[in-house]
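Inspection log for the structure reproduced underneath, given as structure tokens.
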Amino acid sequence: MPYFRSEPQKADFLKLEEGILARWAREKTFERSVDRREGRDKFVFVEGPPTANGLPHPGHILTRVVKDLVLRYKTMRGFYVRRKAGWDTHGLPVEIEVEKELGISTKREIEIYGIEKFNRKCKESVFRYEKEWVNATKRVGFWIDMDDPYITFDNKYIESVWWSLKEIWKKGLLYKGHKVVPFCPRCETTLSSHEVAQGYQDVEDPSVYVKFKLKHEKDPEPLYLLAWTTTPWTLLGNIALAVHPLHRYVKVRVKEGAEEAVLILAEARLDVLEGEYEILEQFTGKDLEDLEYERLFDYAKVEGGKSHKVITADFVTLEEGTGVVHIAPAFGEVDYEVCREKKLGFSQPVNSEGRFTNEVPPLEGMFVKDADKLIIEMLKEQGSLYKEGRYLHSYPFCWRCNSPLLYYARESWFIAMSALRDNLLANNEKINWYPKHLKYGRFGNFLENIEDWALSRERFWGTPLNIWICTSCGKQYCVASIEELREKAKNSVSLGIDLHRPYIDDVVLKCEECGSDARRVKDVIDCWYDSGSAPFAQWHYPFEDEEFNQNFPADFITEAIDQTRGWFYSLLGVSTAIFDAPPYLNVLSLGHILDEKGVKMSKSKGNVVDINDIFNTDGADALRWYLFTAGPLTEDIRFSVSAIREKQNKFLNTLWNSYFFFVTYATIDNFSPKGKNIPVEKRSAIDRWIVSRLNTLTKDVIDALERFEIHVAVRKLEEFVIADLSNWYIRRSRRRFWIVEENFDKDCAYLTLYEVLVALCKLLAPFVPFITEHIYQNMVRGVSEDELESVHLCDYPTPDESLIEIELEDSMELVSRLVEAGRRARSDAGIKVRQPLREVVVVCGEGEKEKAASLAGILQDELNVHGVKFEEGVAAAENYNQVEVDEGTTLFLDISLDNTLIEEGLVRDIVRRIQGMRKDRDLEYTAKIRIMYEGDEAVKEAIKKFQDYICAETLAVGIEEGSSSAKGEQIYEKNWKIGKKDIHLAIEFV
RNA sequence: GGGCUCGUAGCUUAGCAUGGUUAGAGCGCUCGGCUGAUAACCGAGAGGUCCGGAGUUCAAAUCUCCGCGGGCCCA
């Protein structure tokens, strides 16, 4: 009974993977791989929660397999690696999906539909594609606990978030502010800066140069300030014009059609003028201060201070525009600030849907961006337009609904992150970033300039902001738990209350100060705060504190680069505000998956590759290996389906074939590694060499993985499998496996190949978990049931330094270079390798001689020569083809032939033909044949002389001259021409 | 406009941190060879302004600066 199960020469990876998935499910391999490390050092991971209301795409798969690789590796290294899945379930993306489904698009419509029903729909919708996510996650082999995930809409999760907000509130960092904030007019809510960052697009906007007429009673000629804007609609809210106090401004006379006009603008911006101009006067911006001008449009009410005058401000630049900046406090952050500072007025002619109010009758109800055209017409009519054009710039759009954002003065709740800037920076110091440039580059810069976090959302489906305000005295309450809510509520609150709107809106607190009702602020919070709370909220901290205490901070997180200011930031922000500690110690930022042309994959472009197609044609291991080898993962990957196939062919097939080779011959030979203990130092040089290479590889792979240089690790592994193991070790050692009788060297070969394959399997297990499991099952479990039940339960190999023989590796490398040189020498002479030659002479230094001499047999074999000589100094070169190998090393190949050599070559050709015929007929490797031959005299003579050799090589029981009497299925005949000689060969199957 | 990042053969890329052989592979192409594990492999050939320019240096794909182009992030 053979020890190993036979395998097909060609692997069916899809079927194989399916079988492995079933095995893992049956044997609970994942759970056991985690549990058996309990009590060991922890390696803490936090899953960045995906939103399951869309299908997973290749980018998600990339992060999932990278997470999986690292976590499997760390587990095999002996760490206790918990892996809790998570789902991000709140926020605008979800609401928008539901709105689409219901065919509605405004907040009012949602309110009419009913918040209760609406939120129920939201809750249903977030798991719409859960099945697809779970399937893809399992299919690609990502081991994560999806049976007990954290879900951001869970009451427990919300309770933890509430607790954290109260901590922030208690520190006085949570405040209500009136600020100009990015605002989505469609979603009718404020967006945070990191959300805005998601949605910049290049767009063409109008570019208008507008004349503001100065109130200049003495001078009969009208004088205008020339200002520039790309948002004409904001002109309706104009309150002031700003100039730089120190820059030089000029008064110029310009032609305007048939007429002339006198304008004021910055000297450095004169090139915006059309045609010729005459400079009338020069002064500085300061000289313009406090000049009053006439309103462009006398519609919107202006509240508060004095307006419509020139102010000076440092933020005015001369890089574009006219050096005169139009100021509308309702629509710009700096505008708002400067107006407040200078005690100017305020005017808000636009409502929260981004439409003009009835203060502006000609534009009432019109969406501001749509009004631009009309406004330009109005400017033209009243002669206020100097010129207009188009302007290409990037402008923020809502990251989910794609509406252009407006900057709009709103009341919002903020976390005072700017007050925590130093803490953020200090905590960032404790984090290792991969790639490292992010630490002080993109991320560090962002922290340096951190702004307060606009936390509140005037929406429905989200964690409700846990602030209650007394309707009469204005006292604020922040509630940290359900228990506290029950204590403070006027009405009775059940323990099982759903903390979402609208239920929470009905809970009224009794004001401790005045006894009046305190009502909850209607807002919900930014869902990025939800996911940023994952390190503690996934464990329901502090209501249950055990898990959190043991799992904070995380050792490792990884997501794509766009999370720099998304999750990577929200984690750090929340954690800094509450614990003043970094929430993760190592963060690996991955590049994006682009399509074959280098364009980011997105639904709207229709260039998203369907991952299920890949699972169904190439398999998970091929996809994983491709992704890992596609270059540094910190950079973008151009996704190529054909490259996946190439990887499968080259790498997985070569690995399979190495394994197949072993199993095939081990089965024939009934080889078992059991009880065979041959110390490595007793084995042949090539055995010691591959063992040495394996240990070097092990060291390199571990080094690379510890630095998250995954592409380096896979490159080393691939080189080893293809070049060292398959193309050199196995090819060179083949004959040792073909020896029929018991033989020490054969055992060494088997044992070595066995040990290398098993170790390799473990090294590769985190990368390609399916094929390695399959191989392990046959090679290890097939031999002994006492072994661990899965490769993924094993320890990761560690290098045995005592088995690394650098000199031997060097020598082998030199030999392979000599082989290359010898082949070139043959090729130059037009003599094929099958033709034996007399000798090769290597002229080299003492060191090289010493190195290569021990492996001379390999050189002799590879170059098919009868002898190898090493000499110092130059040898006679007649009849020798000469090839330079290295400096000081030259190879001389004797290319002279005699009859014996020619005969030997002929015999090898014949053997080759017979082997080819065996293969044509798919003969078993052990099947015996009988050979009949006819042909030229020279051929017959050669065969007779070497018949024993031919028989041994081709497993023939006899070889005879003449034609065969066998018929049909029993015989295979063919005519050959070798050089100029004819030969007829027949093989009979016996 | 600013920050970060990338740019190497038709395509995918290694090398760049720490400057030092003739810039190395794979796919594809041409020719030849090897092969009883291999859809693999080996040799030769064609294919490179290492994005361009300047600088530092005995020496630059590698370091610096300035451009150009792509990407991401921000204004």
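The model shown is predicted, which means the values in this text are computed figures rather than measured ones. Values below: every heavy atom of this structure, side chains too, minus hydrogens, waters and symmetry copies. Convention: sequence-line order gives letters A, B, ...; per-chain numbering from 1.
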**Request:** Treat primed atoms plus P, OP1 and OP2 as sugar-phosphate and everything else as base, then score nucleotides 5-15 of chain B 5' to 3': B for base contact with protein heavy atoms under 4.0 Å, S for sugar-phosphate contact only, - for none.
**Result:** SS-----SSSS

**Message:** From CZ of R913(A) over to P of G33(B), roughly how many Å is that when rounded to an integer?
**Reply:** 10 Å

**Message:** For G33(B) and R826(A) - does any side-chain N or O of the residue sit under 4.0 Å from the phosphate oxygens OP1/OP2?
**Reply:** no

**Request:** Determine yes or no for a side-chain-to-main-chain donor-acceptor pair under 3.5 angstrom, with D636(A) supplying the side chain and H592(A) the backbone.
**Result:** yes

**Request:** Can you tell me, in whole Å, how much space there is between the C1' of U12(B) and that of G55(B)?
**Result:** 33 Å

**Fill in**
In this structure, OG1 of T664(A) is separated from CZ of F661(A) (nearest 0.5 Å) by 8.0 Å

**Asked** To the nearest Å, how far apart are F660(A) CZ and A39(B) C1'?
**Response** 14 Å

**Item:** E904(A)/R908(A) ion pair, N-O < 4.0 Å
**Value:** no

**Request:** For this output row, return yes or no: ring centroids of F446(A) and Y569(A) closer than 6.0 angstrom.
**Result:** yes

**Request:** Take the protein atom OH of Y729(A) and the nucleotide atom C1' of A40(B), then report the distance between them rounded to whole Å.
**Result:** 19 Å

**Request:** Both distances under 3.5 Å, Watson-Crick or G-U wobble: report the partner of U35(B), or none.
**Result:** none

**Asked** Mind checking the C1' distance from A23(B) to G47(B)? Whole angstroms is fine.
**Response** 14 Å

**Prompt:** Taking a pair as Watson-Crick or G-U wobble with both distances under 3.5 Å, which nucleotide is matched to C72(B)?
**Reply:** G3(B)

**Message:** Taking U64(B) as the reference, what is the distance to C16(B) when you measure between their P atoms (whole Å, please)?
**Reply:** 15 Å

**Request:** Would you classify T954(A) as touching base, sugar-phosphate or nothing, given that sugar-phosphate means primed atoms plus P, OP1 and OP2, and contacts are heavy atoms under 4.0 Å?
**Result:** nothing

**Message:** On the nucleotide U38(B), are OP1 or OP2 found under 4.0 Å from the side-chain N or O atoms that Q9(A) carries?
**Reply:** yes

**Distance, rounded to the nearest Å, where Y569(A) contributes OH and C72(B) contributes C1'** = 20 Å

**Fill in**
Y659(A) atom OH is separated from A37(B) atom C1', nearest whole Å, by 13 Å

**is_close_aromatic(F4(A), F671(A)), centroid dist under 6.0 Å** = no

**Complete:** As its Watson-Crick or G-U partner within any shown strand, both distances under 3.5 Å, A23(B) has none

**Prompt:** Are D703(A) and K716(A) within salt-bridge range, i.e. N to O under 4.0 Å?
**Reply:** no

**Prompt:** Contact class for F662(A) vs. all strands (heavy atom < 4.0 Å): base, sugar-phosphate, or nothing?
**Reply:** nothing

**Message:** So I593(A) and V609(A), do their side chains get closer than 4.5 Å, heavy atoms only?
**Reply:** no

**U21(B) and C27(B), which share atom name C1', separated by this distance in whole Å** = 27 Å

**Item:** Interatomic distance, I722(A) CD1 vs G24(B) P [rounded to whole Å]
**Value:** 20 Å

**Request:** Determine the Euclidean distance between corresponding C1' atoms of C50(B) and G15(B); express it in Å to zero decimal places.
**Result:** 11 Å

**Prompt:** Taking the inter-plane angle between the rings of Y754(A) and F662(A) on a 0 to 90° scale, is it parallel (under 30°), tilted (30 to 60°) or perpendicular (over 60°)?
**Reply:** tilted

**Message:** Any strand counts, and the cut-off is 3.5 Å on both contacts for Watson-Crick or G-U wobble. Which nucleotide pairs with G45(B)?
**Reply:** C29(B)

**Prompt:** Do R735(A) and D861(A) meet the salt-bridge criterion of a basic N to acidic O distance under 4.0 Å?
**Reply:** no

**Message:** I'd like to know if T654(A) reaches the base of A37(B) with its side chain such that a donor and an acceptor end up less than 3.5 angstrom apart.
**Reply:** no

**Asked** At under 4.0 Å between heavy atoms, what does S658(A) touch on the DNA or RNA strands: base, sugar-phosphate, or nothing?
**Response** base

**Nearest-nucleotide comparison on RNA chain B, the residue closer to the 5′ end among Q835(A) and R823(A)** = Q835(A)

**Message:** Regarding W738(A), tell me which of base, sugar-phosphate or nothing describes its non-hydrogen contacts under 4.0 Å with the strands shown.
**Reply:** sugar-phosphate

**Message:** Between G20(B) and U62(B), how many Å separate the two P atoms, rounded to a whole number?
**Reply:** 10 Å

**Message:** Measuring centre to centre across the rings, with the benzene-like ring taken for any Trp, is Y659(A) within less than 6.0 Å of W656(A)?
**Reply:** yes

**Message:** Between C1' on G33(B) and CZ on R912(A), what's the gap in Å once rounded to a whole number?
**Reply:** 11 Å

Name the pairs: protein N/O against N/O of nucleotides 26-29 of chain B, kept only if under 3.5 Å.
unit_1 : atom_1 : unit_2  : atom_2 : d
G26(B) : O3'    : K650(A) : NZ     : 3.2
G26(B) : O2'    : E646(A) : OE2    : 2.7

**Item:** Integer angstrom distance from the C1' of C63(B) to that of A37(B)
**Value:** 49 Å

**Prompt:** If you check every side-chain atom of R908(A), which of A39(B), U38(B), U35(B) has the closest atom?
**Reply:** U35(B)

**Message:** Assuming nearest nucleotide by heavy-atom distance, tell me which of E953(A) and H592(A) is located more 5' along RNA chain B.
**Reply:** E953(A)

**Prompt:** Would you call the rings of F946(A) and Y949(A) parallel, tilted or perpendicular if under 30° counts as parallel and over 60° as perpendicular?
**Reply:** perpendicular

**Prompt:** With no hydrogens and no angle check, do the side chains of S589(A) and W433(A) hold a donor and an acceptor under 3.5 Å apart?
**Reply:** no

**Asked** With both distances under 3.5 angstrom, what nucleotide forms a Watson-Crick or G-U wobble pair with C65(B)?
**Response** G53(B)

**Request:** Round to the nearest Å and state the distance from Y750(A) atom OH to A37(B) atom P.
**Result:** 12 Å

**Request:** Take atom P in U8(B) and the same atom in G53(B), then report the distance between them in whole Å.
**Result:** 16 Å

